[in-house]
Amino acid sequence: MKQFISVKDVKDINALVKQALHYKANPFADKALGTNKRIGLLFLNPSLRTRLSTQVAAQNLGMEPIVFNVDKEGWALEFTEAAIMNGTTVEHIKDAAPILGNYFDILCIRTFPGLQNRADDYGEKIINQFIKYAGIPVVSLESATLHPLQSLTDMITIKESMDANENLKNKQPKIVLTWAPHIKPIPQCVANSFSQWVNAWGAANFIITHPEGYELDSQYTNGATITHNQEEALKDADFVYVKNWSSYSDYGKVLCTDASWMLTNAKLATTNKAKVMHCLPVRRNVELSDEILDGENSLVTKEASNRVWAAQTVLSEILKNA
Ligand code: CP
């Protein structure tokens, strides 16, 4: 693996999941792989899970992680070609990224979309310029449109849960991605990425449900069944992935705040005792109810814990191909 930006960088999802579960059972199996290697973790946005799990993963492989909060501690970066830098930006990515490429063996970047201009966000200008100018493997810690480490984690969590359940072991699972309410405009990254990975995996009956106006970019959802009827979607579901996202068509807007879209135990009653997933952070009793999050169907803590094994697997694949 040369980089990890989307599922397109993955040859075999099942093999990656298998490797991740191997690391979960044997965290230090490849402790020597990253000896004398340094990994830079650049954050242009806040993070709890991505930041800490990637550091733990790097250390499990013997690498030295260095975290840099670019948004708070770095010079304001300029990403526009031929910019006349007489405004607020201080350093061009063309100057900064090659230096980072000399300091590190792998560079990881976390950035969010502005949610103002769809073409800018979906053009992935920021992460693409790090790739262009750093000259070393780049790993997305979430970009403007995708969150591949989260999605690999989600596949690991689904596979682990299926293996532990006799009724799901040899079944094609029904996986439902349901929109949930939120008070703020939230990126489409997690929903795009989850859709892209489940479709690429190809081993599930995949349904996406959301209110009108929340259709995601079809390049990620093609292959899924899409419905505005949440009740219908949830029937017989084995896994329910809960996530808010802002509108893609009316870009970055909150079009619906209907609280009845929040998942409750009553809604779960028609599912196949579905396990409930969320990437976290979650706004309790807005996006997802206490009764679900604190209940026996919730996979959210296990899911967040599995972030380590997803990151460790991706870093090991890059180190093995260096
Ligand atoms: N799920 C996730 O990416 O969490 P953080 O924003 O805390 O990293």
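What you see is a predicted model, and the numbers here were worked out from it, not measured in a lab. Remember, it's 1-based here, ligands and their atoms both numbered in the order they're listed.
- Note on ring orientation: taking the six-membered ring where Trp is involved, the planes of Tyr220 and Tyr122 are tilted (angle from 30° to 60°).
- Distances between N or O atoms of Pro281 and those of ligand 1 include no value under 3.5 Å.
- Among all protein heavy atoms, the one lying closest to atom 4 (O) of ligand 1 is Arg49 NE, 3.0 Å.
- Remark: the Asn69 side chain and the Arg110 side chain contain no N/O donor-acceptor pair separated by less than 3.5 Å.
- Ligand 1 has no nitrogen or oxygen under 3.5 angstrom from a nitrogen or oxygen of Arg51.
- Proximity of a side-chain donor or acceptor of Ser143 to a complementary backbone N or O of Leu146 within less than 3.5 Å is detected.
- Comment: Lys171 engages Asp238 in a salt bridge, judged by a side-chain N to carboxylate O separation of less than 4.0 angstrom.
- A side-chain donor-acceptor contact under 3.5 Å links Gln230 to the backbone of Trp261.
- The nearest heavy-atom contact from the protein to atom 3 (O) of ligand 1 is His147 NE2, 2.8 Å.
- If you look at Leu141 next to ligand 1, there are no close heavy atoms at all, none under 4.0 Å.
- Set against the non-hydrogen atoms of Cys279, the atoms of ligand 1 under 4.0 Å away are 1 (N).
- Atoms of ligand 1 found under 4.0 Å from any heavy atom of Arg307, numbered from 1 in the order shown, are 1 (N), 2 (C), 3 (O).
- A tilted orientation is assigned to the rings of Tyr214 and Trp179, their planes being inclined by 30° to 60°.
- Counting protein heavy atoms only, atom 7 (O) of ligand 1 is closest to Leu48 N, 2.7 Å.
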**Study point:** Pair Asp217-Gln219, side chain to side chain donor-acceptor pair (under 3.5 Å): steps then yes or no
**Key:** CA-CA 5 Å; Asp217 186 342; Gln219 70 170 303; 2.8 Å; yes

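- The protein atom (non-hydrogen) at minimum distance from atom 6 (O) of ligand 1 is Arg110 NH2, 2.7 Å.
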